[in-house]
Number of protein chains: 2
Amino acid sequence: MKKNPTILDIAREAGVSKSTVSRILNNAENVSPGTRKRVLEVMLKHRYRPNFFARGLGGRRTGVVGVVVTDITNPFYSVLVRGIEDVCRVYRYNIYLCNTDGREEEEKIHIDSLMERKVDGVILASTMLTEHSLADLLERDVKLVLVARLPEDHSSFNFVVVDNVMGGYLAAKHLITLGHERIAYIAGPWLSSPNLDRFAGFRRALGEVGLGVDEKDIVQGDFKMESGYLAGMKLAKSLSSRPSAVFAANDAMAVGAKEAFSELGMDVPHDMSVVGFDDIPLGALRCVQLTTVSQSIYDQGAISGKTLIERILHPDKGGIQQIVLPPKLVVRKTCARVPTREKRGERSGT
Amino acid sequence: MKKNPTILDIAREAGVSKSTVSRILNNAENVSPGTRKRVLEVMLKHRYRPNFFARGLGGRRTGVVGVVVTDITNPFYSVLVRGIEDVCRVYRYNIYLCNTDGREEEEKIHIDSLMERKVDGVILASTMLTEHSLADLLERDVKLVLVARLPEDHSSFNFVVVDNVMGGYLAAKHLITLGHERIAYIAGPWLSSPNLDRFAGFRRALGEVGLGVDEKDIVQGDFKMESGYLAGMKLAKSLSSRPSAVFAANDAMAVGAKEAFSELGMDVPHDMSVVGFDDIPLGALRCVQLTTVSQSIYDQGAISGKTLIERILHPDKGGIQQIVLPPKLVVRKTCARVPTREKRGERSGT
DNA sequence: TCCATTTATGGTACCGCTACCATTATAAGC
DNA sequence: GCTTATAATGGTAGCGGTACCATAAATGGA
């Protein structure tokens, strides 16, 4: 028989009609066991696979979802995508991968392309879109799950995030417990909800013990390692008086900062404590040992994948799904008890 | 008009036939400029996008390629995929991403799924398949490009690889120049062509100066960091007499080994020199500074993507494309000149 | 036994697009 | 002016499935 048998070829060889074969493909009832067995055998014999496009043409599910991330090269997203892929596999779903580099324009182009390819749903990690653009998407009846970053008004979307406020709080609390009173913050872009929330939690913890954050101790970064390095340099070089600890809005920047400190001959943690956020694999490296706030990235991927596909498979079952995961403090070796007042005095005059 | 206009809707509104609209979609000639403009305007007005499935049903190109990697979480593959994705974007191609975890069975399942979805081509990174299974694929007229790892007989496939033999040679040469005479090798799986070739080059360089590799100095790993750590431990603990340098078949293992050495109080590079292979971002970290052999992973991705799509777009133009990229030694800070004979004598008795 | 109901199957009209052929309008050649 | 290319368009049959209706056979209750 020809290389790519069609449903008609199978039907003919099994001596039934296309309809019957179609029924078997879709495990409909009302097919006698004998017929089913016979047809199945013919299918197996010819390695028959129904044509994906012919199926999709009917306007039904395609078994494909789109995954839009900032940059797969970033370990945060690669772990996330891995989580998504793993659950997709069990549902026999495929994923289209798209990188945006954080550019809204790219994101829109990719989404258009995904729509054109009639994906059943889309997972948007760290979306740059406003709730307005997103709502637009929903109207074109694509299932949608947001991960890691939310638009301002996210009340009507499915999402999976960590409790960033809680995470920031945990980080600050840890440093406070170690006696730190002046803690710097290496920020991500202020448009980004994770940055905003982490800072809010951080500030709250400080506020609870009567501390505050001086504006001088907030250094702007962009979530990338290099910006953390630069921020670390800046912080370290304010020699007359500097903080004894720093909380970075993510691990990449925390590692960058730590490198800056080491390079300047400072000892982490004794001269400067560092806390990050994310718990990327790199932080666990024996030469890094970063104390950080873990947000189980893989789980977020897996959960968002599962949420999306369940929503696709059972569109009417259940309303909006909004999942907020608890963060967890992971204590490694970049934080130390603050030096006694005298010792600190010798060094920084604070 | 309805949410998803069809070619017929556009045709009607523009006062032409489906055929004419179809011609314009496929930029065929034989359409008068006036008509073309009018139809284009109607399309734009309704944000018309031709239905992907209806198009694919005709048995033509789908604009999708499959990318099969071992594990996207591994920085080698995420950089590779990024390279692929970037060129796909300019061709307006989408990619399906698949992870196999290096399991042949998974790889086959994924490939079947890709075939079913009628991808125009497939990029197989580090394939576990034999030339036999691969040839099978070619017969189903899928365009194929292999990256990073080749089956034994690869004469009939398109591929993009680095010159691994040359890379191994470069690494060894560097160590030899620094005076090392006993160099250990942390191996990847012996079924893997990169491992085999790197070892071959390594051995050749040693042979050229009359040196050899003792079997005791070859430690088995699996390309993952943990196995490198274990290997490093094993190497370091042969206290009576140990090599002065180690070449690891990839960076992940090199970093793992380095960590083991540091943990045991050895000083890298002065007690032990380490060279890796790949040049993953992690190696550039200030606290790692791994001397390694760079194989421009991103470029490999970009080149393999371009090769694949060009092959799809112009199937008859040109034969098999086999690209072997030159590796480059990247000297950072994990190698030192070998201690003088007396000093080494104190330590290891060699 | 007969009619109603259920169960198993066949027939066919789409889904939205492209390929190919048919048709017309226009230009060119003599 | 009439024939013959050439350009611009329309008409329609698939591509390989699914959905829905029709039919035939089997079952069952009165």
Side-chain angles (χ1 to χ4, degrees), chain A residues 1-40 42-43 46-64 92 115-120 140-141, chain B residues 1-40 42-43 46-64 113 115-120 140-141:
Chain A
M1 187 178 280
K2 46 186 185 180
K3 61 273 166 84
N4 279 325
T6 74
I7 199 170
L8 193 60
D9 298 319
I10 301 300
R12 266 203 276 263
E13 183 160 335
V16 295
S17 71
K18 292 201 318 180
S19 312
T20 302
V21 179
S22 177
R23 271 180 209 108
I24 291 167
L25 278 178
N26 299 287
N27 343 274
E29 34 268 38
N30 294 350
V31 180
S32 73
T35 312
R36 163 165 275 130
K37 181 156 173 285
R38 190 152 35 91
V39 173
L40 247 22
V42 177
M43 285 181 175
H46 295 293
R47 295 241 221 98
Y48 169 73
R49 310 258 62 189
N51 184 302
F52 176 60
F53 289 89
R55 271 190 146 168
L57 192 47
R60 44 206 330 274
R61 289 197 296 267
T62 56
V64 186
R92 322 211 78 239
M115 304 293 304
E116 189 174 338
R117 270 146 166 97
K118 298 264 187 294
V119 293
D120 291 342
R140 300 200 250 166
D141 65 27
Chain B
M1 187 180 279
K2 46 186 185 181
K3 61 276 166 81
N4 278 326
T6 75
I7 199 172
L8 191 62
D9 299 318
I10 301 300
R12 268 204 276 263
E13 183 159 335
V16 295
S17 72
K18 293 200 315 180
S19 311
T20 302
V21 179
S22 176
R23 273 181 207 106
I24 291 167
L25 279 179
N26 298 287
N27 350 270
E29 34 268 36
N30 295 349
V31 179
S32 74
T35 313
R36 164 166 274 130
K37 180 155 173 286
R38 191 151 35 90
V39 173
L40 247 21
V42 177
M43 284 183 177
H46 295 294
R47 294 240 221 99
Y48 170 73
R49 309 259 62 191
N51 183 302
F52 176 60
F53 290 89
R55 274 191 142 169
L57 192 47
R60 39 205 335 275
R61 289 197 295 267
T62 57
V64 187
S113 157
M115 303 294 302
E116 190 173 337
R117 271 146 166 95
K118 296 262 187 293
V119 294
D120 292 342
R140 299 200 251 168
D141 64 26

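Chain letters run A, B, ... following the sequence lines, proteins first and then strands; every chain starts at 1.
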Peer 1: Between C:dT18, D:dT9, D:dG16, spot the one nearest the side chain of B:Arg55, thanks.
Peer 2: C:dT18

Peer 1: Please work out if A:Phe52 contacts a base, only the sugar-phosphate, or nothing of the nucleic acid, heavy-atom cut-off 4.0 Å.
Peer 2: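 No contact at all - A:Phe52 keeps every heavy atom at 4.0 Å or more from the nucleic acid.
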
Peer 1: Would you say D:dA8 has OP1 or OP2 under 4.0 Å from some side-chain N or O of B:Thr35?
Peer 2: no

Peer 1: If I take atom CZ in residue B:Arg61 and atom C1' in nucleotide C:dC17, what distance separates them, rounded to the nearest angstrom?
Peer 2: 16 Å

Peer 1: Should the side chain of A:Lys18 and the base of C:dG10 be counted as holding a donor-acceptor pair, with the cut-off at 3.5 Å?
Peer 2: no

Peer 1: Rounded to the Å, how far apart are B:Leu57 CG and D:dG17 C1'?
Peer 2: 8 Å

Peer 1: Give the minimum heavy-atom separation between B:Glu116 and A:Pro50, together with the two atoms involved.
Peer 2: CG-O, 4.0 Å

Peer 1: Tell me if the side-chain of A:Arg23 makes a donor-acceptor pair with the base of C:dG10, cut-off 3.5 Å, by modelled atom types.
Peer 2: yes

Peer 1: D:dG17 C1' sits how many Å from A:Met43 CE, rounded?
Peer 2: 12 Å

Peer 1: With DNA chain D as reference, determine whether B:Val16 or A:Ala54 sits nearer its 5' end, using the nearest nucleotide of each.
Peer 2: B:Val16

Peer 1: I need the CZ-P distance between A:Phe53 and D:dT18, as an integer number of Å.
Peer 2: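 Rounded to the whole Å, the gap is 15 Å.
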
Peer 1: Whole Å only: how far is the CG atom of B:Asn51 from the C1' atom of C:dG16?
Peer 2: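 Distance, rounded to whole Å: 6 Å.
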
Peer 1: Within the pair B:Tyr48 and C:dG16, is there a side-chain N or O less than 4.0 Å away from OP1 or OP2?
Peer 2: no

Peer 1: Is it the case that the side chain of B:Arg117 and the backbone of A:Gly63 share a donor-acceptor pair, with hydrogens and angles ignored and the cut-off at 3.5 Å?
Peer 2: yes

Peer 1: Give the rounded distance in Å between these two atoms: CG of A:Asn4 and C1' of D:dG14.
Peer 2: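 Whole-Å distance recorded here is 17 Å.
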
Peer 1: When B:Val21 is tested against each of B:Leu8, B:Thr35, B:Val39 for side chain to side chain contact (heavy atoms under 4.5 Å, CB included), which residue passes?
Peer 2: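 Option passing the side chain to side chain contact (heavy atoms under 4.5 Å, CB included) with B:Val21: B:Val39.
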
Peer 1: If you count heavy atoms of other groups shown closer than 6.0 angstrom to CZ of A:Arg36, is the number above 12?
Peer 2: yes

Peer 1: I want to check one thing: is the phosphate of D:dC15, taken as OP1 and OP2, less than 4.0 Å away from some side-chain N or O of A:Thr6?
Peer 2: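 It does not, given that no N or O in the side chain of A:Thr6 lies less than 4.0 Å from OP1 or OP2 of D:dC15.
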
Peer 1: Roughly how many Å is it from CG in B:Asn30 to P in C:dC21, rounded to a whole number?
Peer 2: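 One finds 15 Å between P of C:dC21 and CG of B:Asn30, rounded.
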
Peer 1: Is a donor-acceptor pair below 3.5 Å formed from side chain A:Ser22 to base D:dG17, judging by atom type as modelled?
Peer 2: no

Peer 1: What does A:Ser19 touch in the nucleic acid at a heavy-atom separation under 4.0 angstrom: a base, only the sugar-phosphate, or nothing?
Peer 2: base

Peer 1: Between A:Arg23 (side chain only) and A:Ala28 (backbone N and O only), is there a donor and an acceptor less than 3.5 Å apart?
Peer 2: no

Peer 1: From CD1 of A:Ile7 over to P of D:dC15, roughly how many Å is that when rounded to an integer?
Peer 2: 14 Å

Peer 1: Taking atom types as they are modelled, is there a donor-acceptor pair under 3.5 Å from the base of D:dG11 to the side chain of B:Ser17?
Peer 2: no

